[in-house]
Amino acid sequence: MAVLAAPVVAAVLLLTWAAYGEAQYVLYKDATKPVEARVTDLLARMTLAEKIGQMTQIERQVASPQVLKDYFIGSLLSGGGSVPRKQATAAEWVSMVSDFQKGSLSTRLGIPMIYGIDAVHGHNNVYGATIFPHNRIGAATALEVRATGIQYAFAPCIAVCRDPRWGRCYESYSEDHRIVQAMTELIPGLQGDVPANFTSGMPYVAGKNNVAACAKHFVGDGGTQNGVNEDNTIIDRRGLMTIHMPAYLNALQKGVSTVMISYSSWNGIKMHANHDLVTRYLKDRLNFKGFTISDWEGIDRITTPAGSNYSYSVQAGVLAGIDMIMVPNNYQSFISILTSHVNNGIIPMSRIDDAVTRILRVKFTMGLFENPMPDSSMADQLGKKEHRDLAREAVRKSLVLLKNGKTSDKPMLPLSKKAPKILVAGSHADNLGYQCGGWTIEWQGDTGRITVGMTILDAVKAAVDPSTTVVFAENPDADFVKNGGFSYAIVVVGEHPYTETKGDSLNMTIPDPGPSTVATVCGAAQCATVLISGRPVVVQPFLGAMDALVAAWLPGTEGQGVTDVLFGDYGFTGKLPRTWFKSVDQLPMNYGDAHYDPLFPLGFGLTTQPRTY
Ligand SMILES: *[C@@H]1O[C@H](CO)[C@@H](O)[C@H](O)[C@H]1NC(C)=O
Ligand SMILES: *[C@@H]1O[C@H](CO)[C@@H](O)[C@H](O)[C@H]1NC(C)=O
Ligand SMILES: *[C@@H]1O[C@H](CO)[C@@H](O)[C@H](O)[C@H]1NC(C)=O
């Protein structure tokens, strides 16, 4: 038996180790390499099944670690209200996401999945999250989303809502594209600020405290006829480009990682099948390099009735340039149809490679390969005090004071905290679900104490002097109000929660007994009305009876933001981001229209000074 001298042994070991290391070196796993090189390397290793898996986004309810592994699924989502358990903790979310991610990482190439959710006013599906005014707060929302292990938010909605009868108008910043353009600042909030040498169109996510954002819904979603959701936007190309498109340019400059396609049509052509706008304009002309994603069953709705020719839907949607398909349930059908379209030459491999390149680019850019697993130490970000304080500030800055006093020399606000006895009335005064609106806990929103937060009634009680008696009567009769000895009344009424098509309205009235509560209380006491609504609603018939009117929109969980300005700890500063109509027969009516005759014009808002005691 030969005995090797020690240096020889060492040399042999070194050679073996080097050869082993070389065989194992995988460029796409090397974080020091440029993103584009990693994408190219990984794409070249992928089978068709692995590529199509990346393009497939499925709902958590049909997912399992095994499904992710077997179908190489690239992305998961929670639809509105889809949670691992009612009132699930951050730790439970993290555990769910971790289990799914382990399924993805156990595949041959170990490509991490990305998990998306509608975090549109805070992390709104999650119990205990801070609920902010819609699409207003980015960085804190990103932290709360990451607290649950999720890396992708379907926000912001940069629709330019041109008709408030649309059920999604509250998700839109304004009828004025310039306001929407300015508000794309939500994107760097969610994703982090792009570096100075950034190239517009590239996706950007700064790191583990940020999430990938999604500009939606491309394009013209807020311009449909009569505000009918998912309907047809009839406008010439110049109108589309000057009203509905500009905010996409801002979003791309700010590094938005993904763009969601709109259910709506433009001049009769479904956006989900619009190659000219999705590929030739967004990708080729504007140089968008992140990925496009369909809306929920968005390709199904290319045909009427939806899903009646799914094979055609897959063909038209993918050929239009959609990269990731929010299937979200029947993924086996999607995968087999897309596979056969590629095998039959209906969809070229170059189209598949483009889609996968974009998806991988986002995943590499955001560091998902380096940090695929949730960071459980972030759990305490969910609903934390600093975020609630921020929400409260956002609420007080977003409220718009529409009327203050029956005559301008006798303002009612700010209210005194030291009145002996006050009345709080109305269906929305002590209802956290109503105060948060749609897209909260449930897709359509809900009623009652649906999450952690402070109702406006709670906030009034917390604000007033201990000597003040606060009486709450949801819908009192006139005698009760008249004989109650109240110094004044606060009436909180508004719309009930709604989301998407269920929110489409033709009459724009607030439901009963809202109007009668206002009439009764304001007829019998000095009254300040706080209106909870996603949009301007019919108020003109009641305006004369009110001493003060505050448009509070959908403030979210922090009712103290409302009382901060009602009681004058802060002044009112908010301005209307949309036109307030007199009557529905004026609609649509937008700033700049020839027949513009609003109750309150865009930009209107009374101010108050803080009150000193
Ligand atoms: C931008 O600048 C950073 C350093 O600040 C550098 O690492 C990066 O390569 C630059 N990117 C481009 C596209 O020039
Ligand atoms: C589905 O659409 C394709 C492409 O337009 C067409 O060839 C096919 O006949 C359609 N199938 C059905 C069942 O309508
Ligand atoms: C307004 O329309 C809704 C349906 O969108 C209906 O439920 C309600 O009763 C209508 N209100 C009035 C006052 O007509």
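Quantities reported herein were computed from a predicted structural model and do not represent experimental measurements. Every number for a ligand or one of its atoms is a count from 1 in the order of the listing.
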Kindly state each residue pair satisfying salt bridge (Lys or Arg N to Asp or Glu O under 4.0 Å) with at least one member in residues 428-448, sequence neighbours excluded.
K86-E442, D430-R449

T509 touching ligand 3 at heavy-atom level, < 4.0 angstrom
yes

The criterion is ring pair (Phe, Tyr, Trp, His ring centres under 6.0 Å); which residues satisfy it with Y591, sequence neighbours excluded?
Y596

Using distance alone, with no hydrogens and no angle criterion, decide if E171 and W439 have a side-chain donor and acceptor under 3.5 Å apart.
yes

Within the 3.5 Å criterion, strictly below it, is a donor on Q57 or S75 matched to an acceptor on the partner's side chain?
yes

Can you list the ligand 3 atoms lying under 4.0 Å from a non-hydrogen atom of N507?
1 (C), 2 (O), 3 (C), 8 (C), 10 (C), 11 (N), 12 (C), 14 (O)

Any donor and acceptor pair, going by atom type alone, linking the side chain of N124 with main-chain N or O of D118 inside 3.5 Å?
yes

Ignoring angles and geometry beyond distance, decide whether D504 reaches within less than 3.5 Å of ligand 3 through its nitrogen or oxygen atoms.
no

Looking only at the aromatic ring of each residue, does the gap between the centers of F600 and F581 stay below 6.0 angstrom?
no

If the criterion is any heavy atom closer than 4.0 Å to an atom of ligand 2, which residues make the list?
N309, Y312

Can I get a per-line list of side-chain donor-acceptor pairs under 3.5 Å for residues 548-557, giving both atom names and the distance, sequence neighbours left out?
{"from": "W553", "atom 1": "NE1", "to": "S398", "atom 2": "O", "distance (Å)": "3.1"}
{"from": "T557", "atom 1": "OG1", "to": "I131", "atom 2": "N", "distance (Å)": "3.1"}
{"from": "T557", "atom 1": "OG1", "to": "I131", "atom 2": "O", "distance (Å)": "3.4"}

